[in-house]
Amino acid sequence: MAAKQKVCIIGSGNWGSAIAKIVGRNAARLPNFEDTVTMWVFEEMIEGKKLTEIINETHENVKYLPGHKLPENVVAIPEVVDAARDADILIFVVPHQFVRKICSSLLGQIKPTAAALSLIKGFDIAEGGGIDLISHIITRHLKIPCAVLMGANIASEVAEEKFCETTIGCRDALLAPVLRDLIQTDEFRVVVVDDEDAVEICGALKNIVAVGAGFVDGLGFGDNTKAAVIRLGLMEMIKFVDVFYPGSKLSTFFESCGVADLITTCYGGRNRRVAEAFVKTGRSIKELEDELLNGQKLQGPITAEEVNHMLANKNMEDKFPLFTAVYLICKGDKPPSEFINCIRSHPEHMVKA
Ligand SMILES: NC(=O)C1=CN([C@@H]2O[C@H](COP(=O)(O)OP(=O)(O)OC[C@H]3O[C@@H](n4cnc5c(N)ncnc54)[C@H](O)[C@@H]3O)[C@@H](O)[C@H]2O)C=CC1
Ligand SMILES: O=C(CO)COP(=O)(O)O
């Protein structure tokens with residue numbers, strides 16, 4: 001009989017903890033996985049006690065997913081190398097700004113035969129003026145394959161076991177069913193596609209659009225305006241993939257990682273909420289993130305900056321006016337009241353032959 005696969009979750013924030021509930025249960029239930037799932041926790045003190053100790057004693061991440069019990073076979077570990085060393089499957093689920101440092105810590109310390117699954121929505125800046133996909137960073141640094149999982153998956157709703165779908169992007173036909181089995185439940189339905197890059201790019205870019213949706217909420221516009229922002233954002237997402245990652249499939253945008261995630265995030269996500277407060281209060285995004293999210297991290301404003309870095313370098317900002325406007329407004333170079341003017345004459349409104 002083949003050896004049981006060991007699973008490690010790298011990250012324990014809002015989404016990391018929600019996915020730990022699913023993965024922990026599936027690992028205990030399915031014969032091909034080791035029961036124990038290790039979960040790397042970025043250590044912090046909560047009322048004088050270590051978060052890892054609280055999780056291991058109470059089976060609850062009281063800071064990032066309060067009110068939900070994690071399965072007892074999920075073990076919190078404060079050192080990332082200790083958590084990951086023996087794992088066959090590494091699930092990366094940290095805010096994207098921390099991934100490079102984590103990869104450096106793991107370099108040469110994991111099984112060479114391990115495979116990764118990234119749930120991280122965001123990009124990184126690449127040398128030469130472009131961007132890097134997070135899954136590519138993981139593969140390049142750690143020399144292991146990395147599939148991705150993105151979808152309309154607001155963590156609190158997944159934790160409450162409300163029915164939803166997700167998309168796994170995986171080109172490896174042997175790995176794909178293993179990942180699907182580890183993740184799928186009756187309430188969390190998985191569709192696997194092979195268009196890995198487009199799945200990941202959808203997950204990253206929709207956070208920029210969600211910031212735009214928050215702006216129009218803050219400015220007091222209605223549902224029609226928000227629908228326009230969502231549609232124009234979708235068109236920019238499609239164009240972005242078309243221009244920079246040619247060969248991807250349009251059908252991927254109709255999976256959960258595409259239109260569905262865009263909609264849920266533009267109505268129920270943290271990026272939307274903080275962007276609305278930014279417009280209404282005039283306070284900085286950083287201040288509002290700290291005040292409203294209790295340690296959870298926003299991905300949209302940083303992603304807008306990463307994307308702008310590439311668009312500006314390639315002289316293409318005017319082809320992506322919504323992404324560009326979100327960046328300029330978050331940076332303070334334009335007032336939020338200018339947002340609609342920035343998208344009023346969108347390339348999508350030009351007469352099409
Ligand atoms: N929360 C959600 O509803 C969803 C989130 N995602 C994506 O999953 C990824 C992770 O998000 P969440 O789990 O929600 O995280 P989060 O937004 O709850 O972030 C907090 C986490 O970051 C950790 N952290 C803080 N400082 C750190 C540092 N210096 N180094 C390493 N870790 C540090 C904290 O310990 C905590 O675990 C993001 O890319 C997000 O876009 C995807 C789907 C749903
Ligand atoms: O990615 C998400 C839902 O799929 C969560 O989005 P927020 O980070 O805006 O909450």
Side-chain angles (χ1 to χ4, degrees), residues 9-22 39-46 50-52 54-55 61-66 68 76 78-80 83 91-106 117-124 133-135 148-160 162 164-167 183 188 199-200 202-214 255-276 285 289-290 292-304 306:
I9 301 171
I10 297 177
S12 55
N14 189 231
W15 185 217
S17 303
I19 209 71
K21 244 185 110 175
I22 290 179
M39 179 171 77
W40 173 62
V41 173
F42 180 77
E43 192 68 284
E44 60 188 288
M45 301 302 285
I46 313 278
K50 289 179 176 168
L51 182 56
T52 46
I54 298 175
I55 293 175
N61 188 338
V62 291
K63 175 151 184 196
Y64 295 106
L65 192 66
H68 292 277
E79 295 299 332
V80 71
I91 299 177
F92 284 84
V93 54
V94 291
H96 77 275
Q97 55 270 41
F98 305 128
V99 80
R100 265 187 199 270
K101 187 157 181 285
I102 292 167
C103 284
S104 309
S105 308
L106 291 176
L117 176 67
S118 172
L119 278 55
I120 300 172
K121 294 175 176 172
F123 298 119
D124 203 350
L133 302 195
I134 301 296
S135 65
V148 296
L149 179 148
M150 309 278 145
N153 302 144
I154 291 191
S156 54
E157 294 183 22
V158 174
E160 284 164 27
K162 293 180 170 159
C164 69
E165 300 178 301
T166 200
T167 312
I183 296 287
F188 194 65
V199 170
E200 183 170 357
C202 281
L205 291 178
K206 64 87 194 173
N207 282 333
I208 306 179
V209 186
V211 173
E255 299 294 345
S256 181
C257 63
V259 178
D261 195 8
L262 191 53
I263 294 170
T264 201
T265 312
C266 286
Y267 281 90
R270 300 168 294 187
N271 285 289
R272 188 219 67 81
R273 184 152 72 95
V274 172
E276 179 184 30
I285 299 233
E289 178 185 31
D290 290 346
L292 298 177
L293 299 186
N294 190 31
Q296 294 181 38
K297 302 287 179 206
L298 279 188
Q299 307 287 278
I302 323 178
T303 307
E306 289 149 359

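Order of appearance sets the numbers: ligands from 1, and atoms from 1 within every ligand. As a basis for the values below, the full set of heavy atoms in this structure was taken, side chains included, without hydrogen atoms, waters or symmetry mates. One is the number of the first residue; the rest follow in order along the sequence.
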> What atoms in ligand 1 come closer than 4.0 Å to a heavy atom of Gly295?
Replying inline: 20 (C)
>> To check your reading of the model: name the closest protein heavy atom to atom 19 (O) of ligand 1, its residue, and the distance in Å.
In response: Pro95 CG, 3.3 Å
> Nearest heavy atom to atom 29 (N) of ligand 1: which of Trp40, Phe98, Phe92 does it belong to?
Replying inline: Phe98
> What is the distance from atom SG of Cys164 to atom CD of Glu157, rounded to the nearest 0.5 Å?
Replying inline: 8.0 Å
> Distance from Tyr64 atom OH to Leu293 atom CG, nearest 0.5 Å?
Replying inline: 10.5 Å
> Sequence neighbours excluded, which residues qualify as side-chain hydrogen bond (donor to acceptor under 3.5 Å, both in side chains) partners of Glu43?
Replying inline: Thr52
> Are more than 12 heavy atoms from other residues, nucleotides or ligands located less than 6.0 Å from atom CD of Glu79?
Replying inline: no
> Does the side chain of Val158 come within less than 4.5 Å of Thr166's, by heavy atoms?
Replying inline: no
> Should Glu165 and Thr167 count as side-chain neighbours, where that means a heavy-atom distance under 4.5 Å?
Replying inline: no
>> Does any part of the side chain of Asn153, heavy atoms only, come nearer than 4.5 Å to the side chain of Asp261, both counted from C-beta?
In response: no
>> If the contact criterion is a heavy-atom separation under 4.0 Å, does Ser12 count as touching ligand 1?
In response: yes
>> Taking a cutoff of less than 4.0 Å between a non-hydrogen atom of the residue and any ligand atom, is Gly16 in contact with ligand 1?
In response: yes
>> Checking a contact table here: which protein heavy atom is nearest atom 39 (O) of ligand 1, and how many Å away?
In response: Lys121 N, 2.9 Å
> Quick one: which ligand 1 atoms are inside 4.0 Å of a heavy atom on Ile120?
Replying inline: 39 (O)
>> Using a 4.0 Å cut-off to any heavy atom of Ile154, which atoms of ligand 1 qualify?
In response: 3 (O)
>> Once rounded to the nearest 0.5 Å, what's the spacing between atom CZ of Phe92 and atom CG of Leu119?
In response: 11.5 Å
>> Minimum heavy-atom separation for Cys202 and Gly258, please, with both atom names.
In response: SG-CA, 4.1 Å
>> Under 4.0 Å from a heavy atom of Ala155: which atoms of ligand 1 are those, numbered in the order shown and with their elements?
In response: 1 (N), 2 (C), 3 (O)
>> Quick check on Arg270 - does any of its heavy atoms sit under 4.0 Å from an atom of ligand 1?
In response: yes
> Which ligand 1 atoms are under 4.0 Å away from a heavy-atom of Asn153?
Replying inline: 3 (O), 43 (C), 44 (C)
> What protein heavy atom is closest to atom 38 (C) of ligand 1, reported as residue, atom name and distance in Å?
Replying inline: Gln299 OE1, 3.7 Å
> Mind checking what makes salt bridge (Lys or Arg N to Asp or Glu O under 4.0 Å) contact with Glu276, not counting sequence neighbours?
Replying inline: Arg272, Lys280
> Which residue holds the protein heavy atom closest to atom 35 (O) of ligand 1, what is that atom called, and what is the gap in Å?
Replying inline: Phe42 CB, 3.3 Å
> Any side-chain heavy-atom pair from Val62 and Leu51 closer than 4.5 angstrom?
Replying inline: yes
> Do Phe123 and Leu205 have side-chain heavy atoms sitting under 4.5 Å apart?
Replying inline: yes
> Heavy-atom contact under 4.0 Å between Glu44 and ligand 1?
Replying inline: yes
>> Between Phe188 and Ile19, does the side chain to side chain contact (heavy atoms under 4.5 Å, CB included) criterion hold? Intermediate values first, please.
In response: CA-CA 10 Å; Phe188 194 65; Ile19 209 71; 4.1 Å; yes
Enumerate donor-acceptor pairs with a distance under 3.5 Å from any side-chain N or O in residues 296-303 to protein atoms, sequence neighbours excluded.
residue : atom : partner : partner atom : Å
Gln296  : OE1  : Arg270  : NH1          : 2.8
Gln299  : OE1  : His96   : N            : 2.8
Gln299  : OE1  : His96   : ND1          : 2.8
Gln299  : NE2  : Gln97   : OE1          : 3.2
Thr303  : OG1  : Gln299  : O            : 2.6

> What is the closest protein heavy atom to atom 18 (O) of ligand 1, and at what distance does it sit?
Replying inline: Asn14 N, 2.8 Å
> Is it the side chain (CB and beyond), the backbone, both or neither of Val94 that lies under 4.0 Å from ligand 1, heavy atoms counted?
Replying inline: backbone
> Any idea which atoms of ligand 1 are less than 4.0 Å away from a heavy-atom of Gly13?
Replying inline: 13 (O), 15 (O), 18 (O), 21 (C), 36 (C), 37 (O)
Check each N or O atom of ligand 2 against all protein N or O atoms and list the pairs under 3.5 Å, with atom names and distances to 0.1 Å, one per line.
residue  : atom   : partner : partner atom : Å
ligand 2 : 1 (O)  : Lys121  : NZ           : 2.8
ligand 2 : 1 (O)  : Lys206  : NZ           : 2.6
ligand 2 : 4 (O)  : Lys121  : NZ           : 3.0
ligand 2 : 4 (O)  : Gly151  : O            : 2.9
ligand 2 : 4 (O)  : Asn153  : N            : 3.0
ligand 2 : 4 (O)  : Asp261  : OD1          : 2.7
ligand 2 : 6 (O)  : Lys206  : NZ           : 3.3
ligand 2 : 8 (O)  : Arg270  : NE           : 3.2
ligand 2 : 8 (O)  : Arg270  : NH2          : 3.0
ligand 2 : 8 (O)  : Asn271  : ND2          : 3.3
ligand 2 : 9 (O)  : Arg270  : N            : 3.1
ligand 2 : 9 (O)  : Asn271  : N            : 3.0
ligand 2 : 9 (O)  : Asn271  : ND2          : 2.8
ligand 2 : 10 (O) : Arg270  : N            : 2.7
ligand 2 : 10 (O) : Arg270  : NE           : 3.1

> Less than 4.5 Å apart, any side-chain heavy atom of His68 and any of Glu160?
Replying inline: yes
> Tell me: protein heavy atom nearest atom 7 (C) of ligand 1, and distance?
Replying inline: Leu119 O, 3.7 Å
> What protein heavy atom is closest to atom 34 (C) of ligand 1, reported as residue, atom name and distance in Å?
Replying inline: Tyr64 OH, 3.5 Å
> At what distance is the nearest protein heavy atom to atom 6 (N) of ligand 1, and which residue and atom is it?
Replying inline: Trp15 CD1, 3.4 Å
